[in-house]
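Comments concern the structure below.
Bear in mind that the values here come from a model prediction, so they are computed numbers and not experimental data.
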Amino acid sequence: MRLLIILVLAFGLGAVSAEPTPLVIDSKVKPRSSKGHIEAVHLEIPTNTSDLRETRLRIVDGMLKTRGRIWTFDGEGDGYILARFDYRGNTTVMRIEYNEQLVQLKYHGAYRGFVCENLVEGVCYKNHRGYYNYTKNLRASILQQLQTTGGD
């Protein structure tokens with residue numbers, strides 16, 4: 001069972017494409033958390049630079065400077081970074097997708113209390129409030145780091 005959980009977290013359950021997209025919340029999807037909770041996590045962030053290396057560094061810096069507990073670097077691929085958060089036996093892994101214009105957090109996988117109850121294309125529509133609180137802090141920290149960048 002433990003091996004299965006590790007494989008699920010390593011290979012993910014979420015988005016296949018590593019491309020941030022404008023968030024469109026489908027009001028017909030039920031069950032669902034509030035629109036504000038979903039946007040606080042999954043709303044795209046402008047990069048303020050077209051330098052992918054700079055964007056990547058700002059994302060990692062945001063992970064390290066998140067209010068409360070830091071997020072752990074859990075891997076990366078072309079156009080994304082995996083960020084892992086462990087708290088009291090609960091784990092969530094976010095896939096932070098980025099390109100020249102946008103950064104977006106997408107649900108990748110979880111264990112115990114932070115497992116998404118309604119996942120649509122990397123957007124978690126229903127989860128524990130702790131998931132939204134912790135990932136909201138990560139998004140805010142990345143946003144702050146990206147706003148400190150200069151232009152191109």
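Side chain of Q104 to main chain of H42: a donor-acceptor pair is present (N/O by atom type, distance under 3.5 Å, no hydrogens or angles). Listed for the S50 side chain is no donor-acceptor partner under 3.5 Å among the backbone atoms of E100. With hydrogens and angles disregarded, no donor-acceptor distance shorter than 3.5 Å links the side chain of H37 to the backbone of R129. Between the T47 side chain and the T49 main chain, a donor and an acceptor come within less than 3.5 Å of each other. Within the 3.5 Å criterion, the main-chain N or O of K126 finds no donor-acceptor partner in the side chain of N118. Checking side-chain atoms of E97 against main-chain N and O of E19 turns up a donor-acceptor pair under 3.5 Å. Remark: side-chain polar atoms of N90 are not paired, donor with acceptor, to backbone N or O of R112 under 3.5 angstrom. Side-chain N or O atoms of R139 include one that pairs as donor or acceptor with a backbone N or O of L43 at under 3.5 Å.
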Any chance you could lay out the side-chain contact (heavy atoms from CB on, under 4.5 Å) test for V29 and V123, step after step, and finish with the verdict?
CA-CA 11 Å; V29 173; V123 175; over 6 Å; no
CA sep, side-chain torsions, deciding dist, call: T92, W71, side-chain contact (heavy atoms from CB on, under 4.5 Å)
CA-CA 10 Å; T92 189; W71 287 68; 3.6 Å; yes
F114 and D86: side-chain contact (heavy atoms from CB on, under 4.5 Å), yes or no, with the steps?
CA-CA 10 Å; F114 294 149; D86 296 293; over 6 Å; no
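Going from atom NZ of K30 over to atom OH of Y125 covers 10.5 Å, rounded to the nearest 0.5 Å. Interatomic distance, OG1 of T148 versus CG of D61, reported as 7.5 Å (0.5 Å rounding). L146 contributes atom CG, which lies 9.0 Å from atom CD of E54 (distance to the nearest 0.5 angstrom). Atoms OG1 and CG, on T55 and N99 in that order, are 8.5 Å from each other to the nearest 0.5 Å. In this structure, T66 OG1 and Y134 OH are separated by 12.5 Å, a value rounded to the nearest 0.5 Å. The distance from atom CG of N127 to atom CZ of R32, rounded to the nearest 0.5 Å, is 15.0 Å.
Between I96 and Y98, the shortest heavy-atom distance links the atoms O-CD2, 3.7 Å. Taking all atoms of both residues into account, the shortest heavy-atom contact from E76 to R56 is OE1-NE, 2.8 Å. Nearest heavy atoms, V41 versus K136: CG2-N, 4.0 Å. The heavy-atom pair separating R53 from D51 by the smallest distance is N-OD1, 3.0 Å. Nearest heavy atoms, I38 versus C124: CG1-O, 3.9 Å. Nearest heavy-atom pair across I70 and L64 is CG2-O, 3.0 Å.
Linking Ile, Leu, Val, Met, Phe, Trp and Tyr residues whenever their side-chain heavy atoms come within less than 4.5 Å leaves M94 and L102 in two separate clusters. Each of I81 and L57 belongs to its own hydrophobic cluster when Ile, Leu, Val, Met, Phe, Trp and Tyr are linked at side-chain heavy-atom distances under 4.5 angstrom. Residues L23 and Y107 share a single hydrophobic cluster, defined by chaining ILVMFWY side chains whose heavy atoms lie under 4.5 Å apart.
The shortest distance between side-chain heavy atoms of S141 and R67 does not fall below 4.5 Å. Side-chain contact between D74 and F85: absent, with no pair of heavy atoms (C-beta onward) separated by less than 4.5 Å.
Summarising the local packing, NZ of K35 is surrounded by 12 or fewer heavy atoms from other residues, nucleotides or ligands at distances under 6.0 Å.
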